[in-house]
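First comes the structure, then the notes that go with it.
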Amino acid sequence: MSKATTADHHDLAADDALRMSIRRAVLDVRARTPLAQSFTNFVTINLVANAQLAAGGTAAMSYLPDDVIDIAAMCGATYINVGTLLPFYKDALGEITASLHEAGHRWVLDPVAAGLGATRTAILKAMRDTPPSLVRANASEVIALDALWGLSDGSDVTDGPAGVESTDDVDTALGAAKRVAKHLRAGDPDGLGAVAVSGETDLVTDGERVFRLPGGDMMMTKITGAGCALGGVAATYLCVAEPLVAALAASLLFDRAGERAAAESHGPGSFQTEFLDALWAIDADTVSTSTILEANR
Amino acid sequence: MSKATTADHHDLAADDALRMSIRRAVLDVRARTPLAQSFTNFVTINLVANAQLAAGGTAAMSYLPDDVIDIAAMCGATYINVGTLLPFYKDALGEITASLHEAGHRWVLDPVAAGLGATRTAILKAMRDTPPSLVRANASEVIALDALWGLSDGSDVTDGPAGVESTDDVDTALGAAKRVAKHLRAGDPDGLGAVAVSGETDLVTDGERVFRLPGGDMMMTKITGAGCALGGVAATYLCVAEPLVAALAASLLFDRAGERAAAESHGPGSFQTEFLDALWAIDADTVSTSTILEANR
Amino acid sequence: MSKATTADHHDLAADDALRMSIRRAVLDVRARTPLAQSFTNFVTINLVANAQLAAGGTAAMSYLPDDVIDIAAMCGATYINVGTLLPFYKDALGEITASLHEAGHRWVLDPVAAGLGATRTAILKAMRDTPPSLVRANASEVIALDALWGLSDGSDVTDGPAGVESTDDVDTALGAAKRVAKHLRAGDPDGLGAVAVSGETDLVTDGERVFRLPGGDMMMTKITGAGCALGGVAATYLCVAEPLVAALAASLLFDRAGERAAAESHGPGSFQTEFLDALWAIDADTVSTSTILEANR
């Protein structure tokens with residue numbers, strides 16, 4: 001954590017209500033096997049589904065508005081990832097997010113490569129007024145989304161997008177993440193929303209409270225799709241918990257699974273195998289007793 | 001097997017002709033490495049291909065009518081799965097199935113999420129008159145297909161589709177499966193056809209004879225695509241055997257592989273790895289000497 | 001090596017400049033983690049990305065011209081694979097390759113199933129005048145591309161395409177490979193270009209020099225996508241090296257990784273896991289000291 005010191009942060013108390021909610025979310029998913037659907041990229045679609053299953057949920061993947069809207073009526077949350085665009089997405093995604101928003105259906109946005117490509121820019125801009133409940137992204141993407149949605153005051157500095165890999169530390173996205181989270185909450189009927197910024201240390205915020213989650217393993221960046229899978233599992237938790245809890249539970253589960261997988265593997269092939277096994281094996285107590293550093297206010 | 005008792009069923013005799021045909025199909029695929037092509041969903045396309053290779057065949061995946069029709073002329077069977085629809089499929093799939101039907105080319109239909117979405121409903125309805133040789137599905141999907149094709153007499157009770165997971169026991173689909181199988185046979189130049197209903201106990205029928213295949217492992221539902229891979233491998237066997245034999249051989253191979261993989265793994269990641277290894281390793285005798293419970297008539 | 005004898009070939013000397021360049025390419029990729037983007041098929045897209053990461057690079061996958069062209073401006077090379085065509089590719093790929101060619105951006109072509117399907121034929125023909133820097137293919141595909149581009153003198157004999165599996169030994173494609181390589185070089189501003197023909201023994205040529213790379217393992221044909229992944233990793237090396245060196249480095253890395261994975265695995269599932277681990281683990285010296293048989297002239 002480059003900029004997080006003990007003077008700035010405190011670990012949440014063992015009996016903090018947030019820890020209890022995280023524990024409950026992990027247990028509820030395992031007990032109820034909720035269905036979260038995904039509209040996601042073709043690179044990591046298989047890993048997203050397998051991660052959702054390993055965390056205890058079930059998965060359905062769709063691309064047509066009629067499919068997505070029909071399934072939304074019977075599932076707890078939807079994951080939308082704009083990684084590998086096809087021409088028809090420009091109309092389809094607008095129709096889908098408008099329908100989800102009108103129905104009060106919760107969804108997670110993964111704005112992969114935000115800032116790149118005219119089609120993606122148009123799609124992401126249009127989502128401003130039918131916003132998700134949760135944004136899961138790397139630092140560069142959060143900063144780009146903040147700018148695309150016109151929320152930025154221009155004070156953040158970014159090196160800009162670099163394909164799908166972030167070039168920015170999560171702390172550079174702190175202001176952007178808080179503004180995006182406040183925008184999500186303003187658009188939510190219950191005033192709920194959260195942003196999860198993935199990086200060496202993950203950052204999660206609801207626009208007011210800011211949490212930093214140390215841990216994970218650099219091997220998570222040596223397989224494709226750990227971030228997408230995190231977004232998908234956040235949608236699984238969103239079926240049973242509010243956005244901030246879902247973002248924290250998914251991020252903590254992934255950090256603990258990454259550490260366990262790194263210890264059991266000897267390269268990216270065995271890391272992915274062990275990572276799915278760890279998502280399956282890690283229990284609610286391990287997740288909910290993780291270090292959760294809250295920024296002092 | 002909730003409704004199967006020993007009074008109702010008998011295990012096929014060791015020297016039953018069907019067992020010999022199953023054994024021959026497994027051996028022939030390993031000897032001839034037949035090409036089965038697939039038009040399948042984006043979630044599990046990689047697993048379908050790898051399962052076909054592990055079973056001994058070769059694989060080719062296509063989406064354009066000109067590709068599918070060209071490859072059909074040089075391959076033994078085709079697998080079509082309607083899981084992740086794109087807009088152009090509505091026209092493409094009709095063109096493809098009409099061409100396959102006219103050419104007398106055998107194909108397997110996997111009606112994923114049958115009953116969900118106007119586009120999928122239109123696509124599946126249109127296949128009624130250019131039917132496949134084999135349908136591989138879960139109980140809910142078989143019941144939905146039976147209804148879409150207007151074969152149902154309304155006596156079956158279903159909880160309806162629940163995304164891509166079945167909500168129905170295979171036995172609730174017995175009547176539907178028999179009607180669909182009879183419809184396939186009526187549309188086949190040789191009067192052949194079969195339906196494989198996947199569940200805790202698999203059910204396979206040609207419309208007259210009904211077989212139940214106990215076994216497998218619940219971990220097969222904790223990875224995405226075991227059902228799709230089964231449909232793909234059924235197409236591989238369909239290159240060398242008639243539909244009923246192909247359905248039985250593929251289902252039995254999958255049940256034995258699922259059991260072996262469960263014994264060797266400790267989570268869904270290692271289960272998938274071991275499952276592919278088991279598809280590769282399990283021999284024709286293990287498949288053909290499996291328990292095959294035939295309903296007494 | 002069916003037709004390669006010691007009288008016809010010599011192993012490159014230990015201090016050959018080409019070996020030094022191969023070693024440098026492997027080290028540079030690990031040091032710089034260059035971004036190579038891909039426009040590739042849906043079957044093996046995940047393996048391509050994971051192989052590029054395992055070799056030390058980073059990956060981005062796109063399908064829209066605006067995405068591909070934007071990312072090309074910030075990445076070292078692009079991999080284009082025509083395996084699973086969608087209708088819009090016919091226009092999109094022409095626009096993309098024209099843009100890449102005009103910008104002098106290096107790219108790898110994987111002409112999967114060349115010769116099959118009217119759409120693929122039209123797409124590949126159009127690439128003749130905006131050619132790639134590197135072609136990675138099996139023997140049948142190189143022969144088909146040679147014919148599609150009108151380079152053939154008709155002297156090569158082929159059994160024709162057989163889906164996506166080659167029916168021809170690499171040596172049958174020798175003439176075609178040399179002609180295609182010369183065509184690539186004629187279209188390159190620096191006069192560089194190479195063709196890598198994958199088979200039991202790999203063949204790599206720049207149109208003048210011809211190299212044969214013995215080794216690898218037949219299990220590479222029992223998982224889907226080893227060839228695609230090789231094309232993707234060739235693009236990763238193309239970010240830091242010229243086409244001939246990139247083709248040799250990628251082919252040698254894959255042969256050594258295939259051998260190591262075969263020794264560590266017991267079926268196609270564990271082979272794929274071990275293969276990715278081996279791509280990650282094998283060092284530059286192992287790659288650059290491999291047997292490289294050059295045809296005597």
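Everything numeric here is computed off the predicted structure, so don't read it as measured data. So you know, we letter chains A, B, ... as the sequences are listed, proteins then strands, and number each from 1.
How far CE of B/M74 is from CG of C/L116: 4.5 Å, rounded to the nearest 0.5 Å. A distance of 13.0 Å separates OG1 in B/T40 from CZ in C/F42, rounded to the nearest 0.5 Å.
Taking chain B as the reference chain and counting heavy-atom pairs below 4.5 Å, the highest number among C/L47, C/L86, C/I45, C/T273 is found for C/L86. Here B/L64 is the residue among B/L276, B/L64, B/V68 with the most heavy-atom pairs under 4.5 Å with chain C.
When all heavy atoms of C/V43 and B/A49 are compared, the closest pair comes out as CG1-CB, 4.1 Å. Smallest separation of non-hydrogen atoms from C/H266 and B/W280: O-CD1, 4.4 Å.
Judged purely by atom type and a 3.5 angstrom limit, B/D66 uses its side chain to pair as donor or acceptor with the backbone of C/T119. Between the B/N46 side chain and the C/T44 main chain, no donor and acceptor come within less than 3.5 Å of each other. Looking at B/D277, its side chain does come within 3.5 Å of a backbone N or O of C/S270 through a donor-acceptor pair.
Residues B/T33 and C/K222 have side chains in contact (heavy-atom distance under 4.5 Å, counting atoms from C-beta outward). B/F88 is not listed as a side-chain neighbour of C/F88, based on a closest heavy-atom distance of 4.5 Å or more. Side-chain contact between C/R120 and B/D67 is present, with at least one heavy-atom pair separated by less than 4.5 Å.
Residue contact with chain C, scored on non-hydrogen atoms closer than 4.5 Å, involves the side chain of B/E274 exclusively. Using a 4.5 Å cut-off between heavy atoms, B/A54 touches chain C through backbone and side chain atoms alike.
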